[in-house]
Amino acid sequence: MNAIAQSKPSGGALVTAEQAEAVRTALKSSLYPGASDSSVDLVLAYCRAAGLDPMQKPVHIVPMWDGKTRQMRDVVMPGIGLYRTNAARTGEYAGMSKPVFGPMVTESLGGRDVTFPEWCEVTAYRRLPSGHIAEFTAQEYWIENYAIKGGKDQDQSPNAMWSKRARGQLAKCAQAQALRMAFPEAVGAAPTAEEMEGKEVIDSTASVVATQPATPQLPPPYPEELFATNLPVWRAAIAAGKKSADEMIAMVETKGRLNEAQKAEIRRVDKPASNPDFPLPDDDANADTPTAEDAE
């Protein structure tokens, strides 16, 4: 009860014991029907630590198989809705593409034939400070994401939701990956409930997510030595028109946070004819020019 009573609504006032109990009752009866008191407490603790409104259901209670204890246990994880919300709060979210699905395939899973889309591709758009819209495309495969029935028998056939909504569930997984690529500083690296449902708890990672949630952390600073090594490659790629400076900065910051001086260095690219410090190879050699990813 204390975990709820110490939380604060948007106005900043402490929640009374009566209000806290009302929140708990609403969560158990409407948003998380059938959940245990301890699981609801995990939801409240997560939301309090991350400054989230539990009544908007930003997180989900995911039953996961614990191979060590040989039983199912509840783990609290963010939902795709929270990813979208955090991306929108950056002020740079410019929407997402319509999901594109691969061909339908049929495989035998858990002793029965299952038909599903082979893959789904989604693109997230981010409006950079320059006004340019950067694209971040993710492709996820159904066979690598679907939730199994699991349990003691570890039934490998898809659960009810993935059987009923083979496209819809896969689209959420692709959206989550695209948003992680486009907004690493906003959504963090924790997988969504849609991605982890039906998976096994392999180590203590899931337990940490459930019992000690934290606000999303900024990526670490980009190493100076690695920056100096990669800068000529990035500049060459920008000057060759392979990426804009802002696109390159967005890509690099998926690896580490750049300071303003480093960003200015990346943007300081003249046209090839007037920039003797960074001459570009001829057209035949362009094909072998290393990319920024190669340099990393």
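Keep in mind that what you see is a predicted model, and the values were worked out from it rather than measured.
With rounding to the nearest 0.5 angstrom, the OH atom of Tyr32 is 11.5 Å from the CG atom of Asp74. Remark: Ile61 CD1 to Ser36 OG distance equals 7.0 Å, nearest 0.5 Å. Within the model, atoms CG of Leu170 and CD of Glu195 stand 10.5 Å from one another, a figure rounded to the nearest 0.5 Å. Atom CZ of Arg165 sits about 5.0 Å away from atom NZ of Lys172, to the nearest 0.5 Å. In this structure, Arg267 CZ and Ser244 OG are separated by 9.0 Å, a value rounded to the nearest 0.5 Å.
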message: Go through it in stages, so that I can follow the logic: the residues are Leu109 and Tyr146, the test is side chain to side chain contact (heavy atoms under 4.5 Å, CB included), and I'd like the CA-CA distance, side-chain angles, deciding distance and then a yes or no.
response: CA-CA 11 Å; Leu109 300 171; Tyr146 83 96; 4.0 Å; yes

query: Would Gln262 and Glu224 count as a side chain to side chain contact (heavy atoms under 4.5 Å, CB included) if you check the C-alpha gap in whole Å, the side-chain angles of each, and the deciding distance to 0.1 Å?
result: CA-CA 9 Å; Gln262 290 173 325; Glu224 283 288 350; 3.4 Å; yes

- request: Apply the test side chain to side chain contact (heavy atoms under 4.5 Å, CB included) to residues Cys47 and Val59: give CA-CA distance (whole Å), side-chain angles for both, the deciding distance (0.1 Å), then the verdict.
  value: CA-CA 8 Å; Cys47 292; Val59 297; 4.3 Å; yes

From CA spacing to verdict: side chain to side chain contact (heavy atoms under 4.5 Å, CB included), Arg84, Leu179: CA-CA 8 Å; Arg84 295 168 183 154; Leu179 288 171; 4.0 Å; yes

task: Test Gln139 against Tyr141 for side-chain hydrogen bond (donor to acceptor under 3.5 Å, both in side chains), laying out the working first.
output: CA-CA 7 Å; Gln139 186 179 76; Tyr141 286 81; 3.2 Å; yes

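Counting only heavy atoms from C-beta outward, the side chains of Asn259 and Phe227 never approach each other to under 4.5 Å. Under the 4.5 Å side-chain criterion, counting only non-hydrogen atoms from C-beta, Val122 is in contact with Met96. Two residues are said to be in side-chain contact when any heavy atoms from C-beta on lie closer than 4.5 Å; Trp119 and Asn145 fail this criterion. Considering only heavy atoms from C-beta on, Thr115 stays 4.5 Å or farther from Glu107 through its side chain. Contact of the Leu258 side chain with the Val252 side chain is registered, since non-hydrogen atoms from C-beta on lie closer than 4.5 Å. Counting only heavy atoms from C-beta outward, the side chains of Val23 and Leu44 approach each other to under 4.5 Å. Between Glu185 and Arg257, the closest side-chain pair of non-hydrogen atoms is not below 4.5 Å.
Ala87 approaches Val187 most closely through the heavy-atom pair N-CG1, 4.5 Å. When all heavy atoms are compared, the tightest approach of Pro158 to Arg112 is O-NH2, 3.5 Å. Nearest heavy atoms, Met77 versus Thr192: SD-O, 4.3 Å. Here the shortest heavy-atom pairing between Ala166 and Pro117 reads CB-CD, 3.9 Å. When all heavy atoms are compared, the tightest approach of Cys120 to Ala174 is O-CB, 3.9 Å. Minimum interatomic distance between Leu27 and Pro54 (heavy atoms only, all atoms of both residues): CD2-O, 3.7 Å.
A single hydrophobic cluster is seen to contain both Leu42 and Leu31, as judged by linkage of ILVMFWY side chains at heavy-atom distances under 4.5 Å, directly or through other members. Grouping the Ile, Leu, Val, Met, Phe, Trp and Tyr side chains by contacts below 4.5 angstrom, directly or via other members, places Val40 with Leu82. Linking ILVMFWY side-chain heavy atoms closer than 4.5 Å, directly or via other members, places Met248 and Leu226 in a single hydrophobic cluster. Placement of Phe136 and Met251 in two distinct hydrophobic clusters is found when ILVMFWY residues are connected by side-chain heavy-atom separations under 4.5 Å, directly or transitively. Grouping the Ile, Leu, Val, Met, Phe, Trp and Tyr side chains by contacts below 4.5 angstrom, directly or via other members, places Leu231 with Ile249.
When atom types are taken as modelled, the side chain of Thr90 and the backbone of Asn86 share no donor-acceptor pair closer than 3.5 angstrom. Formation of a donor-acceptor pair under 3.5 Å by the Ser97 side chain with backbone atoms of Thr123 is found in this model. Put simply, the side chain of Ser163 gets close to the backbone of Asn159: a donor and an acceptor are under 3.5 Å apart.
For the residue pair Arg180 and Tyr83, a side-chain donor N or O sits within less than 3.5 Å of a side-chain acceptor on the partner. Counted by atom type alone, Tyr222 and Asn230 present one or more donor-acceptor pairs between their side chains at under 3.5 Å. Ser130 and Asp246 share a side-chain donor-acceptor pair at under 3.5 Å.
A salt bridge links Glu265 and Arg235; the closest N-O separation between the charged side-chain nitrogens and carboxylate oxygens is under 4.0 Å. Remark: Arg126 engages Glu92 in a salt bridge, criterion side-chain N to carboxylate O under 4.0 Å.
Phe116 is linked by a ring-ring contact (aromatic ring centres under 6.0 Å, His included) to Trp142, counting only residues two or more places apart in sequence or in another chain.
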